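Bear in mind that the values here come from a model prediction, so they are computed numbers and not experimental data.
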Amino acid sequence: MLLFFTLGLLIHFVFFASIFDIYFTSPLVHGMTPQFTPLPPPARRLVLFVADGLRADTLYELDENGTSRAPFIRNIIMHEGSWGISHTRVPTESRPGHVALIAGFYEDVSAVAKGWKENPVEFDSLFNESKYTWSWGSPDILPMFAKGASGDHVYTYSYDAKREDFGAQDATKLDTWVFDNVKDFFRHARNNQSLFSKINEEKIVFFLHLLGIDTNGHAHRPSSRDYKDNIKKVDDGVKEIVSMFNHFYGNDGKTTFIFTSDHGMTDWGSHGAGHPSETLTPLVTWGAGINYPQRVSAQQFDDSFLKEWRLENWKRLDVNQADIAPLMTSLIGVPFPLNSVGILPVDYLNNTDLFKAESMFTNAVQILEQFKVKMTQKKEVTLPFLFTPFKLLSDSKQFNILRKARSYIKHRKFDEVVSLCKELIHLALKGLSYYHTYDRFFLGINVVIGFVGWISYASLLIIKSHSNLIKGVSKEVKKPSHLLPCSFVAIGILVAFFLLIQACPWTYYVYGLLPVPIWYAVLREFQVVQDLVTSLLTYPLSHFVGYLLVFTLGIEVLVLSFFYRYMLTAGLTAFAVWPFLTRLWTRAKVTSLSWAFFSVLLAVFPLMPVVGRKPDIFLVMGAGLLVLLLSLCVVTSLMKRKDSFRKEELLVHLLQVLSTVLSMYVVYSTQSSLLRKQGLPLMNQIISWATLASSLFVPLLSSPAVFQRLFSILLSLMSTYLLLSTGYEAVFPLVLFCLMFVWINIEQETLQQSGVCCKQKLTSIQFSYNTDITQFRQLYLDDIRRAFFLVFFLVTAFFGTGNIASINSFDLASVYCFLTVFSPFMMGALMMWKILIPFVLVMCAFEAVQLTTQLSSKSLFLIVLVISDIMALHFFFLVKDYGSWLDIGTRQLLACTAWLFIYISASPNRLWIPSDPELDLNLLHAIRAWHVKGTP
């Protein structure tokens, strides 16, 4: 068993890693030649304002009085510059947005592993290509461009990270800090000759990152007065900075100003997904090289924004976010960022047609360079007879398009040049995607073959060692043949040689060679397969097909529930009916009715809104009161049984009740303090962290009896869960626990009905290590249902109140009792613990089910492993490397499914509930030895 566990751990680790290796590798290439427009640029300097988290509609629309929230910006739109909507790509996060703006490409998902702060790969940017860049703003954004720049010419000035406090009195101070420091910088420059000469150079950039709007949006929602007032303060600040620049440079007309945002924000104060409120951001440009406003009589767009904003007579020029980078580079005459995939929006330029054509030609050549490097890299590591080039952009076609574009420039056919270059860019981008995914099919096939082999081997192990399915089949002992191992050794050598001559990365060897020993292990059990077929032939065909259809339907429901939460409601409703379709109803009416009631009650939660809901503190208080009421009933009931309840246990329960009361107080007090903009009280923060820490070990002090231990775990976890709740989800763990308690009882009834064992009271059954291994029985068909119930309840625990695939599905206000200063990893960890709490309750209940049904954890573990791995295969073919975090993350959950078996054997519930001795002695005896000491 230890060998099996080690092999399973390795295979699932490889499968998990392959998702990132196949779908989420960086698309960037290096080795291109810098390209820049060979004509004098219109501007010497560029000022970039990025209002973090600013929605396009909130900036452009008029308020209830018919006036603009940003009068200076609106005046620019009407009298001085060009404007439009910048369409961002998902994920709509700060780092990807800034990378698209400044580097011209869309961030790959691998950056999330470093919290969108560090550079997972090196990339070129406008700042790097500039002569000098000065930037002011958030410490989360500025360093990534400074670290990626060559030389010492990108200067950053950022405030302390502790200023990014969602509970602060006034988040606009973040923007005020930026404006004040820019003014101080220019005042200092007048008295510093070295600095003065630098800021009078050409090809320089000033970057102002304004985080106040985003912070106020998270804390108070975009519809709040705080968010809208912040826009007015930013508008005033921009006006002052523009006036200062014009005065400092003597109105020389050589400064370009660009005002935009990295992403928008939903009505409920989050971002990351693809809602229009998140992807539509403003773009306003003015100054040197920018077109003046163009009056038009009519414009054709698929939306009604122009009429709503009363801007229908001013020409709107929409762009993709990455297009802003080539626009800025052409304005100040620096090389295009090497990794940029943006297309120059020539309609924004106020210059000659020759300049526009040359700039567009340079843009096309720069993107074509990336295509050539990518193709060369792939060609060098692929055998000539196996290499399939991108046919839409052959070498001859590249040459013809470039030659024709040069000819058009020579004959002054500038419109044709722009059109031809855009066609070349689109083909080059398609080619880049083609070569980036060139090996995806080969790697995917290898992983699937290996994983199918693993599922087959696990299934054969269940049939051979943990069931009676083939016990009655006569077996002929055959001498082992040397042909099978020799054949697989030969296959392994051929695969290794094939990969070697192509100079493949070492990970390719893992994916290519791992299936060989797995399928060897499967074919060694060929006799088991024969016996299984013989045994199944004795069963009625209709029964076999029926069971297979039910199993398949169950798997598909589980898979669909990852995408459609209402499938959980359908499944729980079916669960509610289940006792009435069997003889359980006649044997245990109260238990059956309780099962149906709590199943239907739990089925309501997946229908509740995940996002867009407002915090409701009274629901959290109500959940706390229900916990206190339940505690009173349980303690009263237990005290009546004097033989099973000691004073020490009563003290533990009272401490947990006190912890629940404190949690309710902290939630209410923190909410009130934040509404008054007084921040998070220090005492509340201390109590919150102390409650979280104590919830991990207080259950160890309770009785090892099943009911007492489970209830103690509920009280401890609910104290923490209340602190992490903002609304109806606070009731979810309580309802889930009630259903789990009924599940334990109903499983006892099913075994008593089948005559396997007699029913015992949960107060008399204890979690202990002295269970007799010989009491464990073999698997029956009904145990597959138990394993399916476990997987379904785990999925319900994950998706019952949100979507674990997307942080966008959770409100940052959930963690305000613990911290309000922006800390992505800490906030993410707290939200992940909130997600895991219902999971822990399910796992603890499953331990009790395993104990009361006299079934080895190893047996059920193998069935759950097979179910989850079949689900993982489904998800593997549905993985996406584009779309929102919700789209990407939902499909990445196959990793969670594939790793589910690890949680079953080493999940958090093991801290409080000892596992059965068979699994401990064979696998994790040494690791779990300390549990004995922690159990009374």
Side-chain angles (χ1 to χ4, degrees), residues 14-33 105-106 108-110 120-124 338-339 341 364-402 424-453 488-519 876-877 879-882:
V14 171
F15 184 72
F16 179 81
S18 70
I19 301 166
F20 296 92
D21 213 17
I22 296 173
Y23 291 99
F24 302 122
T25 53
S26 173
L28 302 188
V29 291
H30 302 281
M32 291 79 69
T33 305
F105 73 91
Y106 299 102
D108 58 288
V109 183
S110 60
V121 291
E122 293 301 325
F123 58 85
D124 193 20
L338 295 175
N339 304 113
V341 295
V365 172
Q366 169 259 326
I367 295 178
L368 183 62
E369 281 285 312
Q370 296 180 65
F371 169 81
K372 289 180 177 179
V373 171
K374 194 78 172 179
M375 181 182 67
T376 302
Q377 290 178 351
K378 189 54 59 182
K379 196 171 184 179
E380 289 176 349
V381 296
T382 307
L383 294 174
F385 65 90
L386 293 177
F387 181 72
T388 305
F390 182 64
K391 296 178 181 179
L392 296 179
L393 194 56
S394 61
D395 291 342
S396 59
K397 188 164 186 176
Q398 296 174 36
F399 177 78
N400 289 334
I401 292 177
L402 293 175
L424 178 58
I425 288 173
H426 288 303
L427 288 174
L429 292 176
K430 284 184 178 180
L432 276 171
S433 176
Y434 172 80
Y435 286 118
H436 180 61
T437 60
Y438 191 85
D439 292 333
R440 184 168 292 181
F441 179 78
F442 168 74
L443 296 176
I445 286 295
N446 277 278
V447 171
V448 168
I449 291 174
F451 212 65
V452 169
F488 276 90
V489 169
I491 292 172
I493 293 173
L494 287 175
V495 171
F497 181 73
F498 175 75
L499 298 173
L500 182 64
I501 59 178
Q502 295 195 97
C504 292
W506 67 270
T507 53
Y508 284 41
Y509 289 86
V510 177
Y511 305 139
L513 292 175
L514 191 58
V516 176
I518 293 175
W519 277 101
F876 186 79
F877 294 105
V879 173
K880 292 169 59 176
D881 57 354
Y882 57 91

Would you indicate whether the side-chain heavy atoms of [Y] and [X] approach each other to under 4.5 Å?
X    : Y    : value
L424 : F371 : no
L402 : L368 : yes
F498 : Q502 : yes
S394 : F399 : no

Just verifying a value: how many Å separate [X] [atom1] and [Y] [atom2], rounded to the nearest 0.5 Å?
X    : Y    : atom1 : atom2 : result
I493 : L513 : CD1   : CG    : 10.5 Å
K430 : Y435 : NZ    : OH    : 14.5 Å
I425 : L432 : CD1   : CG    : 11.5 Å
L427 : L393 : CG    : CG    : 5.5 Å
Y434 : F390 : OH    : CZ    : 8.5 Å
M32  : N339 : CE    : CG    : 4.5 Å

Distance-minimising heavy-atom pair for [X] and [Y]:
X    : Y    : value
V373 : H30  : CG1-O, 3.4 Å
V29  : K374 : CG1-CD, 3.2 Å
V447 : F15  : CG1-CD1, 3.4 Å
F123 : L28  : CB-CD1, 3.7 Å

Donor-acceptor contact below 3.5 Å, side chain W519 vs main chain I449: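 Yes, the answer is positive, given that a donor and an acceptor are paired below the 3.5 Å cut-off.
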Results of side-chain hydrogen bond (donor to acceptor under 3.5 Å, both in side chains) for S433 - residues two or more places apart only: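 Counting only residues at least two positions away or on another chain, S433 forms no side-chain hydrogen bond (donor to acceptor under 3.5 Å, both in side chains).
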Q366: side-chain hydrogen bond (donor to acceptor under 3.5 Å, both in side chains) partners, not counting sequence neighbours: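 By the side-chain hydrogen bond (donor to acceptor under 3.5 Å, both in side chains) rule, Q366 matches N363.
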side-chain contact (heavy atoms from CB on, under 4.5 Å) evaluation trace for F877 with V448: CA-CA 9 Å; F877 294 105; V448 168; 3.6 Å; yes
Test log, rule side-chain contact (heavy atoms from CB on, under 4.5 Å), inputs I518 and F451: CA-CA 9 Å; I518 293 175; F451 212 65; over 6 Å; no
Please output the side-chain donor-acceptor pairs of residues 375-388 that fall under 3.5 Å, not counting sequence neighbours, one pair per line with the distance.
residue, atom, partner, partner atom, Å
T376, OG1, K372, O, 2.8
K378, NZ, D439, OD2, 2.9
T382, OG1, K378, O, 2.8

Between Y511 and F442, ring centroids under 6.0 Å: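 Judged by ring-centre distance (under 6.0 Å), Y511 and F442 do not meet the cut-off.
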